[in-house]
2 protein chains.
Amino acid sequence: MMSQSADLEAVRSYHHGDLRRAILESTLEIIDKQGLEAVSLRAVARRLGVSEAAPYHHFSGKQELLAVLAADAYRSFGECLTTAVGSAADDPFARLNALARAYIEYGLESRGRYRLMFGNHMVDLGEYEEVQVAGRPTRAILESVIAGCVGSAKVDAAAIENISWSLCHGLTSLIGESEIVFDGGSGDGERLIEVGISILIAGIRAHLGLPAAS
Amino acid sequence: MMSQSADLEAVRSYHHGDLRRAILESTLEIIDKQGLEAVSLRAVARRLGVSEAAPYHHFSGKQELLAVLAADAYRSFGECLTTAVGSAADDPFARLNALARAYIEYGLESRGRYRLMFGNHMVDLGEYEEVQVAGRPTRAILESVIAGCVGSAKVDAAAIENISWSLCHGLTSLIGESEIVFDGGSGDGERLIEVGISILIAGIRAHLGLPAAS
DNA sequence: GTCTATAGCGTGATAGAC
DNA sequence: GTCTATCACGCTATAGAC
């Protein structure tokens, strides 16, 4: 009986849990286009045609809403990276290459989610256990890929991990937030990512005393 | 006659231009400790013991206050980088090393200023011409240092610039915002920066087809 | 030239009615 | 599940005191 009028109901109102999903989607859209600072529960509510207090019945507040979105983002990000590494050739540096590419491309395509995970917002989303748990696999992938690269030597493994992360984050962040401007053609971004990963891998190989080519 | 009571006057009130400076200092302190989002003109005014509308007589609004601080930051940052490069040995990669170190150390020591310049706040400070002008030298230094490294070949000069910037920004950002956590001793941060610059330079040398050592 | 007082509006959050 | 108040606080603009 409920399924018969479900569609019509969904159009007219947000009963039965639809509002929660609508709020999540609408908020992510705002973060994508205008950034995290532009998020306002009241504006979201107005946009969805419900009262300004309605969102508080689905989330304890703005922080929790953002935390739920951040946890979702970490899960989706982790899956993306895992898939990319899994599809790569059976070579440590090929895996690192695939990981870095996937990281940067995900960050550029899902700007809002990336801002939620690694943006400099002063909302302490790390306090939420769900967010911490969701973010753990991401770090584990990087760790295992780098472990494969350094091999049994394990020289500066932690540092190399963080350097790889830093380059990916820096590139994603500067391109995504339009701090890097391209004056040439449309392929400049692609070329920049290619050169970046190439320099990263060559630098790590040199640091580990490995020959230049793979 | 005014200079005789200047000190006493300064304690009791912020006449004669002192309020402007006090607002700038107080705001920067807040950005340092709590981040850009925590800045509130009203709170600053209360903290300085003036009315909540007083700041508007020195700045047209919050944006302009932040823009003035950002321009100051760019000037100070540019001077710091110029000095560092000038003191470096007469070798292209030694200069790049000095530049990268100075960049990261400045960003970590002056967190607030760094957040103003390169943080992901959605305040369009780039719209202010003063900010644009103040930021230009910084980019010019990086350009000239990299130009020295690539030499006459000029292969991927722009990309190498942006990669160097990305690594420095990524490291500064992740360390400064405490996303990278150190489980070891207190020297871990220093070691990370050292390895990072070493990998960057080795990677660039390899990309340019130069021998490994300097 | 500098500051105070006040008012309009948007936002986060809560309590209680439907 | 949702709505209607309602409160506290933020940014901003204006009028007027010193």
Whether [X] contacts [N] is assessed here as follows: a side-chain N or O lying under 4.0 Å from the phosphate OP1 or OP2. Is that the case?
{"X": "B/Arg46", "N": "D/dC9", "answer": "no"}
{"X": "A/Ser40", "N": "C/dG10", "answer": "no"}
{"X": "A/His57", "N": "C/dT14", "answer": "no"}

Please report the distance, rounded to the nearest Å, between [atom1] in [X] and [atom2] in [N].
{"X": "A/His58", "N": "D/dG1", "atom1": "NE2", "atom2": "C1'", "answer": "7 Å"}
{"X": "A/Leu65", "N": "C/dT11", "atom1": "CG", "atom2": "C1'", "answer": "14 Å"}
{"X": "A/Glu37", "N": "C/dG10", "atom1": "CD", "atom2": "C1'", "answer": "17 Å"}
{"X": "B/Glu52", "N": "D/dG10", "atom1": "CD", "atom2": "C1'", "answer": "9 Å"}
{"X": "A/Leu48", "N": "D/dT2", "atom1": "CG", "atom2": "P", "answer": "11 Å"}
{"X": "B/Leu19", "N": "C/dC3", "atom1": "CG", "atom2": "C1'", "answer": "9 Å"}
{"X": "B/Phe59", "N": "C/dC3", "atom1": "CZ", "atom2": "P", "answer": "12 Å"}
{"X": "A/Arg42", "N": "D/dA8", "atom1": "CZ", "atom2": "C1'", "answer": "12 Å"}

B/Ser198 side chain to B/Glu194 main-chain N or O, any donor-acceptor pair under 3.5 Å?
-> no
Exam field: side chain A/Ser76 to backbone A/Asp72, donor-acceptor pair closer than 3.5 Å |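 Not at all, since once roles are kept as given, no pair shorter than 3.5 Å links the two residues.
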Check A/Leu24, A/Val131, A/Leu36, A/Val39 against A/Leu69 for a side chain to side chain contact (heavy atoms under 4.5 Å, CB included) and give me the one that passes.
-> A/Leu24
Using a 4.0 Å heavy-atom cut-off, does [X] contact any base of the nucleic acid, only the sugar-phosphate backbone, or nothing at all?
{"X": "A/Ser51", "result": "base"}
{"X": "A/Ala54", "result": "sugar-phosphate"}
{"X": "B/Val44", "result": "nothing"}

Does a salt bridge link A/Glu25 with A/Arg21, judged by any charged N lying under 4.0 Å from a carboxylate O?
->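 Yes, this pair counts.
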Short N-O contact, B/Arg115 and B/Glu37, less than 4.0 angstrom =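 Looking at B/Arg115 and B/Glu37, the cut-off is not met.
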Closest-nucleotide 5' rank along DNA chain C - winner of A/Ala43 and A/Ala53 =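 Its nearest nucleotide being more 5', the pick is A/Ala43.
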